[in-house]
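Everything below concerns the one structure shown next.
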Amino acid sequence: MTAHPAPLIIVDPTPIDLAAIHAFLADPAAGGEVVFTGTVRNQNEGRVVHALEFEAYPEMAVAQIAAIAAEMYARWPLRKVAMVHRLGRLPLGETVVVVGVSAGHRAEAFEACRYGIDTLKRDVPIWKREHFEGGEVWVTNHP
């Protein structure tokens, strides 16, 4: 079994440093790097959104993200994996989540990155509260 480098996993309120993530993913054997960046948008379901707020039990979230990264390494020939999620109240345009992978070729990089973000959003206990014009609501439907 081939040893994989430890993934970069962060779940905290610190602003996400995209340059640092790209630097982490760099690998001379990688011909492809795919990075998904999720941001706070100004609308959802017909409501004007002002901010999003994220809460988590960080140790549990990190452990579950590590399991997802291990599965990604097992399913695709990846060089490196990075998965970062912000916590706290975030204004419009702020980066919330980043999932990035580097791989020998683009096909597996795209597939693994999509799997990573979809699985993180579905399985990791990170809760989102939407602050919108006229109120706020905990969002329970994850794609």
What pairs meet the salt bridge (charged side-chain N to carboxylate O under 4.0 Å, His left out) rule with one or both residues in residues 11-32, with sequence neighbours excluded?
-> Asp27-Arg79

What about Val124 and Val81, same hydrophobic cluster or not, with Ile/Leu/Val/Met/Phe/Trp/Tyr joined at side-chain heavy-atom distances under 4.5 Å?
-> yes

Would a hydrophobic clustering, with Ile, Leu, Val, Met, Phe, Trp and Tyr connected at side-chain separations under 4.5 Å, put Val40 with Leu120?
-> yes

Scan for salt bridge (charged side-chain N to carboxylate O under 4.0 Å, His left out) pairs involving residues 64-78, sequence neighbours excluded, and state none if there are none.
-> Glu71-Arg75

Arg106: what forms a salt bridge (Lys or Arg N to Asp or Glu O under 4.0 Å) with it, not counting sequence neighbours?
-> none

Does any donor atom in the side chain of Gln64 or Asp123 lie under 3.5 Å from an acceptor atom in the other side chain?
-> no

If every non-hydrogen atom of Arg47 is compared with every non-hydrogen atom of Val137, which pair is closest and at what distance?
-> NH2-CG1, 3.8 Å

Side chain to side chain contact (heavy atoms under 4.5 Å, CB included) partners for Pro5, two or more places apart = Tyr73, Lys80

Other residues, nucleotides, ligands: >12 heavy atoms within 6.0 Å of Arg114 CZ = no

For Ala56 against Leu87, the heavy-atom pair lying closest together | CB-CD2, 3.7 Å

Nonpolar side-chain network containing Met60, other nodes, edges under 4.5 Å = Tyr57

With sequence neighbours left out, which residue pairs that include part of residues 25-55 fulfil the ring pair (Phe, Tyr, Trp, His ring centres under 6.0 Å) condition?
-> Phe54-His85

NE2-OG distance between His22 and Ser102, expressed to the nearest 0.5 angstrom | 11.0 Å

When rounded to the nearest 0.5 Å, the distance separating CZ of Arg41 from OG1 of Thr39 is 8.5 Å

What distance do Arg129 atom CZ and Trp138 atom CH2 have between them, rounded to the nearest 0.5 Å?
-> 4.0 Å

Test side chain to side chain contact (heavy atoms under 4.5 Å, CB included) applied to Ala82 - qualifying residues, sequence neighbours left out | Leu8, Ile21, Phe24, Leu25

Hits for salt bridge (Lys or Arg N to Asp or Glu O under 4.0 Å) against Glu108, two or more places apart or cross-chain, chain-then-number order -> none

Do Ile126 and Val49 share a hydrophobic cluster (ILVMFWY, side-chain heavy atoms under 4.5 Å, transitive)?
-> yes

Show the atom names and distances, to 0.1 Å, of all donor-acceptor pairs under 3.5 Å that link a side chain in residues 88-101 to residues at least two apart or in another chain.
| residue | atom | partner | partner atom | Å |
| --- | --- | --- | --- | --- |
| Arg89 | NH1 | His131 | ND1 | 3.4 |
| Glu94 | OE2 | Arg86 | NH1 | 2.9 |

Do the side chains of Leu18 and Thr37 get nearer than 4.5 Å, heavy atoms only?
-> yes

Go through the steps for Arg122 and Asp118 under the test salt bridge (charged side-chain N to carboxylate O under 4.0 Å, His left out), then give the verdict.
-> CA-CA 6 Å; Arg122 185 188 69 224; Asp118 288 350; over 6 Å; no

Are Leu78 and His4 close enough, and set up right, to give a side-chain contact (heavy atoms from CB on, under 4.5 Å), and what steps lead you there?
-> CA-CA 8 Å; Leu78 303 177; His4 299 288; over 6 Å; no

In terms of hydrophobic clusters joined by side-chain contacts under 4.5 Å, are Leu52 and Val84 together?
-> no

For His105, what residues pass the side chain to side chain donor-acceptor pair (under 3.5 Å) criterion, not counting sequence neighbours?
-> none

By side chain to side chain contact (heavy atoms under 4.5 Å, CB included), which residues pair with Val62, not counting sequence neighbours?
-> Ile9, Val11

